[in-house]
Amino acid sequence: MTQDRLTLGRQGEDAAAQYLQRQGMKILERNLRTPVGEIDLVARHRNILAFVEVKTRRGTAFGSPAEAVGPRKQRQIVQTAKWYLNDRPYKKLQPRFDVIAIIVHGDDFQIEHIPDAFEI
């Protein structure tokens, strides 16, 4: 992965975290890495525990960023969430899988939040 893509991804994750916080969510984890996979953000709002995949692109020439979260990536996120929940006191919270798709235009970020983007 090139340095430019790493920087773009990090900027997107920062923008997504700020967006979620403005929506009243508390960021619990960033770049959660487990033996079974990785999740960009874990956030809580009331009784919801959101596992959030962030996709950032400079344009839509290759499709929307959200389209990059296909069935294989969804399964990996679900497995990672199950691993995370196995050993945490969040069992009473309702898990939700969100996607945040970001398109960067210069210094502007166009953010699309898709709550409940997919299910277990």
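Side chains included, hydrogens not; waters and symmetry mates left out as well; all remaining heavy atoms used.
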- Query: L32, F97: one ILVMFWY side-chain cluster at the under-4.5 Å cut-off?
  - Reply: yes
- Query: Is L93 reachable from I39 through a run of I, L, V, M, F, W or Y residues, each pair having side-chain heavy atoms under 4.5 Å apart?
  - Reply: yes
Identify the two heavy atoms, one from [X] and one from [Y], that lie closest to each other, and give their separation to 0.1 Å.
{"X": "A117", "Y": "V99", "answer": "CB-CG2, 3.6 Å"}
{"X": "P95", "Y": "L85", "answer": "CB-CD1, 4.3 Å"}
{"X": "I102", "Y": "A15", "answer": "CD1-CB, 4.2 Å"}
{"X": "A66", "Y": "I114", "answer": "CB-CD1, 3.8 Å"}

- Residues two or more places apart in sequence or in another chain: which of them pass side-chain hydrogen bond (donor to acceptor under 3.5 Å, both in side chains) with E13? N31
- Which residues share a side-chain hydrogen bond (donor to acceptor under 3.5 Å, both in side chains) with K73, sequence neighbours left out: Q76
Compile the donor-acceptor pairs under 3.5 Å between side chains in residues 20-30 and protein atoms, sequence neighbours left out, one pair per line.
{"residue": "E29", "atom": "OE2", "partner": "Y84", "partner atom": "OH", "Å": "3.3"}
{"residue": "R30", "atom": "NH1", "partner": "D14", "partner atom": "OD1", "Å": "3.4"}
{"residue": "R30", "atom": "NH2", "partner": "D14", "partner atom": "OD1", "Å": "2.4"}

- Members sharing W83's hydrophobic cluster, built from side-chain contacts under 4.5 Å between Ile, Leu, Val, Met, Phe, Trp and Tyr, are V36
- With a 4.5 Å heavy-atom cut-off, do L8 and R10 have their side chains touching? no
- Please round to the nearest 0.5 Å and tell me the distance separating atom OG1 of T80 and atom CG of D40. 10.5 Å
- Item | Interatomic spacing from CD in Q79 to CD1 in I77 - rounded to 0.5 Å | 11.5 Å
- Item | Pairs flagged by side-chain hydrogen bond (donor to acceptor under 3.5 Å, both in side chains) wherever residues 111-120 is involved - sequence neighbours left out | D98-H113
- Query: Hey, does the side chain of T60 reach the backbone of G63 with a donor-acceptor pair shorter than 3.5 angstrom?
  - Reply: no
Let me check something: any side-chain donor-acceptor pairs from residues 41-55 under 3.5 Å, sequence neighbours excluded? List them with distances.
{"residue": "R44", "atom": "NE", "partner": "R46", "partner atom": "O", "Å": "3.2"}
{"residue": "E53", "atom": "OE2", "partner": "K55", "partner atom": "NZ", "Å": "3.4"}

